[in-house]
Amino acid sequence: MARPIGFIHSALADAGAWDGLIEALDMDVEPVLIELPGHGTADDWDETRGFSDQALEIALDALPPEPVPLVGHSLGAVIALRLAVEKFYRVSSLVMIEPVFFAAVTGTDVGDKAARDMASYRRKLRDGSDAMAARAFVDLWGNGTPWEDMPEARRRYIVDRIGLVEAANDLLWEDRPGLLRPGRLEEIEVPVTLVEGAKSHPVVPAIIDALGRRISDAEGITVPGAGHMVSVTHPKVVAEAIRSRIVWEDGPAS
């Protein structure tokens, strides 16, 4: 009998980003595909409330009431972490792929480098150059495909949503929910797997190290030759690495 797994995609993506990984997992599962506000078929972001608050509500409405495994990528990984901390009774295991929880490395050299590297994208966004901002963002956090080689529909999708990246700053850069407060990460009791691409931005391994040192059952995985979009570009390698770490209340898949 198929068992549910929740998947939360990255900013500027949609549920289709998980197709390759779900196929590569080759498990009898029922994917619960959670789309972030303003992405895919999800409702638009309600700007009167926090972006991650709305994302959390979308996830909780989509997931079954019993604890299930969660897999998240980039921003989606940090949303999944928030679920594991605040709604721990709904999560049986957690896989965070390239979590961009910049607040975990605030005040460090690599954290400052991430902020500097994002400055060009933010400057273009402030100037109203959405297309140029989208291109700068994809150059930094994309899958290596040059902007001009991406399908027009995909470029338009990203440009139309580029402003939503900043909507998550209160979570990713400021930790408004207080996930990093003393004792909170230490209370996570489920298996947690942290996946990074070896060629990703250097802030990612620093974030993974900062989180992993505080979570009791944490395991780190590095995928050689991969960048930030590792779950899209290297789905078979990621699937092999995380398969045994995906568990339900009664244990891993048989």
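Start at 1 with the first residue, then count along the sequence.
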Transitively linked via ILVMFWY side-chain contacts under 4.5 Å: I221 with M229?
-> no
Atom pair CG/CZ of L164 and F51 - distance to nearest 0.5 Å = 5.5 Å
Can any side-chain N or O of R161 pair as donor or acceptor with the backbone N or O of Y157 at less than 3.5 Å?
-> yes
Determine, step by step, whether V105 and D209 satisfy the side chain to side chain contact (heavy atoms under 4.5 Å, CB included) criterion, reporting the C-alpha distance in whole Å, the side-chain angles of both residues, the deciding distance to 0.1 Å, and the verdict.
-> CA-CA 10 Å; V105 293; D209 181 64; over 6 Å; no
Hey, mind stepping through L33 and I22 against side chain to side chain contact (heavy atoms under 4.5 Å, CB included) and telling me if it holds?
-> CA-CA 11 Å; L33 301 173; I22 291 169; 3.9 Å; yes
CG/N169 to CE/M118 distance, rounded to the nearest 0.5 angstrom?
-> 7.0 Å
How would you list all residue pairs meeting salt bridge (charged side-chain N to carboxylate O under 4.0 Å, His left out) that involve residues 99-114, not counting sequence neighbours?
-> K113-D117
Return yes if some donor-acceptor pair links the side-chain N/O of R90 with the main-chain N/O of V68 below 3.5 Å, else return no.
-> no
On a heavy-atom basis, the closest approach of V29 and A2 is C-CB, 3.8 Å
Distance in Å, I246 CD1 paired with I242 CD1, rounded so as to fall on 0.5 Å steps = 4.0 Å
Nearest heavy-atom pair of A59 and L83: which atoms, and what distance?
-> CB-CD1, 3.8 Å
Atom of S52, atom of R82 and distance for their closest heavy-atom approach = OG-NH1, 2.7 Å
Sequence-distant partners of D61, side chain to side chain donor-acceptor pair (under 3.5 Å), two or more places apart = none
Which pairs pass ring-ring contact (aromatic ring centres under 6.0 Å, His included) with one or both residues in residues 80-115, sequence neighbours excluded?
-> F102-W173
Contacts of R154 that satisfy side chain to side chain donor-acceptor pair (under 3.5 Å) - sequence neighbours left out | none
How many angstroms lie between NE2 in H9 and CD1 in I97, if you round to the nearest 0.5 Å?
-> 13.5 Å
Partner of E186 under salt bridge (Lys or Arg N to Asp or Glu O under 4.0 Å), picked from R213, R181, R214, is R214
Counting only N and O atoms by type, is there a donor-acceptor contact under 3.5 Å from the side chain of D175 to the main-chain atoms of A103?
-> no
So which heavy atom on S244 is nearest to which on V247, and how close?
-> O-CG1, 4.1 Å
Compare every heavy atom of P69 with every heavy atom of S92, then report the nearest pair and how far apart it is.
-> OG-N, 3.0 Å
Considering residues at least two apart in sequence or located in another chain, which fulfil the ring-ring contact (aromatic ring centres under 6.0 Å, His included) criterion with Y121?
-> F137
Report whether V204 and I79 are members of the same hydrophobic cluster (ILVMFWY, side-chain heavy atoms less than 4.5 Å apart, transitive linking).
-> yes
Would you call D250 and R3 a salt bridge, using N to O less than 4.0 angstrom?
-> yes
Does the pair D217 and V192 meet the rule for a side chain to side chain contact (heavy atoms under 4.5 Å, CB included), with working shown?
-> CA-CA 6 Å; D217 187 5; V192 176; over 6 Å; no
So the side-chain hydrogen bond (donor to acceptor under 3.5 Å, both in side chains) pairs with at least one residue in residues 226-235 (sequence neighbours excluded) are S74-H228, E98-H228
Contacts of S10 that satisfy side chain to side chain donor-acceptor pair (under 3.5 Å) - sequence neighbours left out | none
Nearest heavy-atom neighbours spanning V100 and L75 = CG2-N, 3.6 Å
When rounded to the nearest 0.5 angstrom, what is the spacing between CZ in F7 and NE2 in H73?
-> 13.5 Å
In Å and rounded to the nearest 0.5 Å, what is the CD to CG distance from E86 to L81?
-> 9.5 Å
Crowding at CD, E189 (>12 non-hydrogen neighbours, <6.0 Å) | no
With sequence neighbours excluded, give me every salt bridge (charged side-chain N to carboxylate O under 4.0 Å, His left out) pair touching residues 129-138.
-> R135-E148
Under the side chain to side chain donor-acceptor pair (under 3.5 Å) rule, collect the residues that match up with R123, sequence neighbours excluded.
-> none
Trace of the side chain to side chain contact (heavy atoms under 4.5 Å, CB included) decision for L63 with I34 = CA-CA 8 Å; L63 292 167; I34 299 159; 3.9 Å; yes
Can you list every side-chain hydrogen bond (donor to acceptor under 3.5 Å, both in side chains) pair that touches residues 12-41, not counting sequence neighbours?
-> E35-T41
For salt bridge (charged side-chain N to carboxylate O under 4.0 Å, His left out), just list the numbers for E187 and R184, CA-CA rounded to whole Å, side-chain angles, deciding distance to a tenth of an Å, and then say yes or no.
-> CA-CA 5 Å; E187 291 176 350; R184 298 200 86 185; 5.8 Å; no
ring-ring contact (aromatic ring centres under 6.0 Å, His included): pairs with one or both residues in residues 175-200, sequence neighbours excluded = none
For the side chain of E196 and the backbone of I208, is there at least one donor-acceptor N/O pair under 3.5 Å apart?
-> no
Side-chain donor or acceptor of N143 paired with backbone N/O of T145 under 3.5 Å = yes
With R155 via side-chain contact (heavy atoms from CB on, under 4.5 Å) - residues at least two apart | W147, M150, E152
